[in-house]
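Counting starts at 1 for both ligands and their atoms, in listed order.
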Amino acid sequence: MYVPPKLVTNKDLEKLMDTSDEWIRQRSGIEERHYVEGPEGPSDLALIASRNAIAAAGLTPENIDMIIFATLAPDYYFPGSACLLQNKLGLAGIPALDVRCQCTGFLYALNIAKLFVESRQYQHVLVVGAEVHSTVLDFATRSRDVTVLFGDGSGAVVVSPSPDEKRRILSMHLHADGAHTDRLCIKKPGTLGTDFISEVLIDEGEARPYMDGRYVFKHAVTRLKECVDEALAANRMGIGDVDWYLFHQANLRINESVANAMGIPAAKAPSNIQRYGNCSAASIPILLHETVASGQIGPGDTVCLAGFGAGFTWASAILKF
Ligand code: ACO
């Protein structure tokens, strides 16, 4: 994983808009987040996370056969951030694919990588989730409900064939419901309508993130529960058969609601939203890295990943370490 060094606390945001440390902590659990400084895009953050992941896998960049890059905040409108990262890694020629599934993007990307590896088309697939939210956020009070939630960051893994039959991705389930696209979105710049972007559209708020917070919250809780249930059933497992539940870090209260409703002990569902905010596609791989690096997740452990995001999209994975 990698997050940029600049730390932004809730108190720092109090100076920019009408909000409070107390409100942000109570409603979301967030205490601080990291922002880029200067011209750094998600592919720059991803470069460091990718190098770390490749080294941790005991590989060198030349071993990577494909890059899959999940982001909702790409460096450019086009081409995709995977091409930028490929160039920065010096891997000209290998396929580079962007995945646009927002906070569920890492899980969609992981599933695509799994299929490429299982089909033996590629051996080592680099899967990255990286976001620079801070340059899109609006720091006026009108956007405080969204702005306080998000941070910048990146996480990466390498998906490879496992020599041990037991250590593998046991299952993945992906879902989406496009009926809810307008509840969480940034519409401009975009090709729908006469103007790709214009001053009028900017003034009207079309280029700022929009979120119907309570609506998103309710759907997130319901869908996360459903997809964890689905994953457990597919593997003939009960709640107690999974050692760790790593949920997307959108809001501490969402994850606590899911854990309480399903009888998942708090200690089995770690969170780091306090330190990073919501890093969208990067949240799950950052949490995965931290729980593996700290020794919490170890060999033999069964891990459930689950996420929900704009689209709406939601997904799960069960991994055996
Ligand atoms: N600081 C202070 N007050 C605020 C802030 C803020 N940052 N934001 C909103 N408020 C005020 C509101 O104006 C409102 O005031 P009013 O009662 O006078 O009108 C009051 O606080 C309550 O606002 P609500 O929106 O009702 O607050 P709620 O308890 O629902 O919490 C929140 C808001 C945190 C956004 C919550 O709804 C939430 O977490 N929603 C889901 C977020 C989420 O999961 N996002 C997923 C992103 S995933 C992706 O793909 C990008």
Side-chain angles (χ1 to χ4, degrees), residues 8-33 42 70-74 99-109 129-153 174-187 208-225 227 247-259 271 273-274 276-287 305-315:
V8 178
T9 64
N10 294 343
K11 290 272 177 206
D12 293 328
L13 294 180
E14 283 179 7
K15 293 174 204 149
L16 302 172
M17 64 186 86
D18 181 12
T19 189
S20 69
D21 177 46
E22 192 194 1
W23 192 97
I24 301 170
R25 279 176 199 251
Q26 268 182 8
R27 305 290 174 125
S28 72
I30 299 165
E31 295 167 20
E32 57 194 31
R33 73 286 288 143
T71 185
L72 71 76
V99 168
R100 299 286 307 275
C101 295
Q102 299 65 250
C103 298
T104 319
F106 178 79
L107 293 175
Y108 269 71
E131 309 281 5
V132 170
H133 289 311
S134 59
T135 56
V136 181
L137 296 171
D138 171 32
F139 290 91
T141 296
R142 63 188 171 202
S143 299
R144 62 184 177 174
D145 57 328
V146 175
T147 300
V148 301
L149 301 178
F150 290 92
D152 301 341
L174 310 181
H175 296 284
D177 184 353
H180 311 286
T181 46
D182 286 358
R183 302 294 184 143
L184 181 55
C185 56
I186 302 181
K187 291 191 174 168
R208 291 197 293 271
Y210 169 76
M211 179 174 73
D212 183 343
R214 289 192 174 191
Y215 189 89
V216 175
F217 193 105
K218 275 191 236 160
H219 279 258
V221 171
T222 307
R223 297 306 186 198
L224 282 169
K225 277 192 292 196
C227 76
F247 294 121
H248 169 55
Q249 304 287 294
N251 185 320
L252 193 59
R253 290 191 304 141
I254 292 177
N255 294 350
E256 284 173 352
S257 301
V258 174
S271 56
I273 191 170
Q274 298 86 343
Y276 302 120
N278 181 350
C279 297
S280 298
S283 285
I284 289 177
I286 290 175
L287 187 59
L305 312 178
F308 176 89
F312 292 153
T313 53
W314 62 101

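Ligand-side atoms of ligand 1 in range of Ala310: 49 (C), 50 (O), range being under 4.0 angstrom from any heavy atom. Within ligand 1, counting atoms from 1 as listed, the ones closer than 4.0 Å to a heavy atom of Gln102 are 50 (O). Residue Val148 has at least one heavy-atom neighbour below 4.0 Å for each of these atoms of ligand 1: 7 (N). Short contacts between ligand 1 and Arg253, defined as distances under 4.0 Å to a heavy atom of the residue, involve ligand atoms 29 (O), 31 (O). Annotation for ligand 1: atoms under 4.0 Å from non-hydrogen atoms of Met211 are 35 (C), 42 (C), 43 (C), 45 (N). Those atoms of ligand 1 that come under 4.0 Å of a heavy atom in Asn251, given as number and element, are 34 (C), 38 (C), 39 (O). Annotation for ligand 1: atoms under 4.0 Å from non-hydrogen atoms of Cys103 are 48 (S), 49 (C), 50 (O), 51 (C).
Asp182 is listed as a side-chain neighbour of Lys187, based on a closest heavy-atom distance under 4.5 Å. When side chains are defined from C-beta on, Trp314 does not count as touching His248, because their heavy atoms never get closer than 4.5 Å. Under the 4.5 Å side-chain criterion, counting only non-hydrogen atoms from C-beta, Val221 is not in contact with Phe308. When side chains are defined from C-beta on, His219 counts as touching His180, because their heavy atoms get closer than 4.5 Å. Within the 4.5 Å cutoff, no side-chain heavy atoms of Leu287 are placed close to those of Leu305. Side-chain contact between Val146 and Tyr210 is absent, with no heavy-atom pair separated by less than 4.5 Å.
For atom 25 (O) of ligand 1, no protein heavy-atom neighbour is present inside the 4.0 Å cut-off. For atom 19 (O) of ligand 1, no protein non-hydrogen atom is found at a distance below 4.0 Å. Less than 4.0 angstrom separates atom 51 (C) of ligand 1 from at least one non-hydrogen atom of the protein. Checking atom 48 (S) of ligand 1 against the protein gives a heavy-atom contact under 4.0 Å. For atom 16 (P) of ligand 1, no protein heavy-atom neighbour is found at a distance under 4.0 Å. Protein heavy atoms are found inside the 4.0 Å sphere centred on atom 1 (N) of ligand 1.
Of the protein's non-hydrogen atoms, Arg27 NH1, 3.1 Å is the one closest to atom 27 (O) of ligand 1. Protein heavy atom nearest atom 43 (C) of ligand 1, with residue, atom name and distance: Val216 CG1, 3.7 Å. Of the protein's non-hydrogen atoms, Arg144 NH2, 4.9 Å is the one closest to atom 14 (C) of ligand 1. Here the protein heavy atom with the shortest distance to atom 44 (O) of ligand 1 is Ile254 CD1, 3.2 Å.
With respect to Leu149, the side chain to side chain contact (heavy atoms under 4.5 Å, CB included) criterion is satisfied by exactly one of Ile30, Ile273, Leu137: Ile30.
Residue contacts with ligand 1, taken as heavy atom pairs separated by less than 4.0 Å, do not involve Tyr215 at all. At a 4.0 Å heavy-atom cut-off, ligand 1 does not touch Thr104 at all. Here Thr19 has heavy atoms under 4.0 Å from ligand 1 in both its backbone and its side chain. Only the side chain of Ala250 comes within 4.0 Å of ligand 1, judged by heavy-atom distances. If you look at Asn278 next to ligand 1, the close heavy atoms, those under 4.0 Å, all belong to the side chain.
Looking at Ser283, Ser28, Ser20, Gly213, it is Gly213 that brings a heavy atom closest to atom 37 (O) of ligand 1.
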How far apart are the C-alpha atoms of Glu32 and Thr9, what are their side-chain angles, what is the distance that settles it, and do they pass the side-chain hydrogen bond (donor to acceptor under 3.5 Å, both in side chains) test? CA-CA 4 Å; Glu32 57 194 31; Thr9 64; over 6 Å; no

Walk me through it: do Arg208 and Arg142 pass the test side-chain contact (heavy atoms from CB on, under 4.5 Å)? CA-CA 10 Å; Arg208 291 197 293 271; Arg142 63 188 171 202; 3.2 Å; yes

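Inclusion of Trp23 in the set of residues having an N or O under 3.5 Å from an N or O of ligand 1 is warranted.
A heavy-atom separation below 4.0 Å is not found between Ile24 and ligand 1.
Between Phe312 and Tyr215, the angle of the ring planes lies from 30° to 60°, which puts this pair in the tilted group. The aromatic rings of His133 and Phe150 sit perpendicular, their planes meeting at an angle over 60°, well past the 30° parallel limit.
Shortest non-hydrogen contact noted between Ser271 and Leu252 is OG-CD1, 3.4 Å. For the residue pair Ala176 and Tyr108, the shortest heavy atom distance occurs at CB-OH, 3.8 Å. The two residues Asp145 and Met211 make their nearest non-hydrogen contact at OD2-O, 3.9 Å.
Note on Glu14 versus Lys11: salt bridge recorded, some NZ/NE/NH1/NH2 to OD/OE distance being below 4.0 Å.
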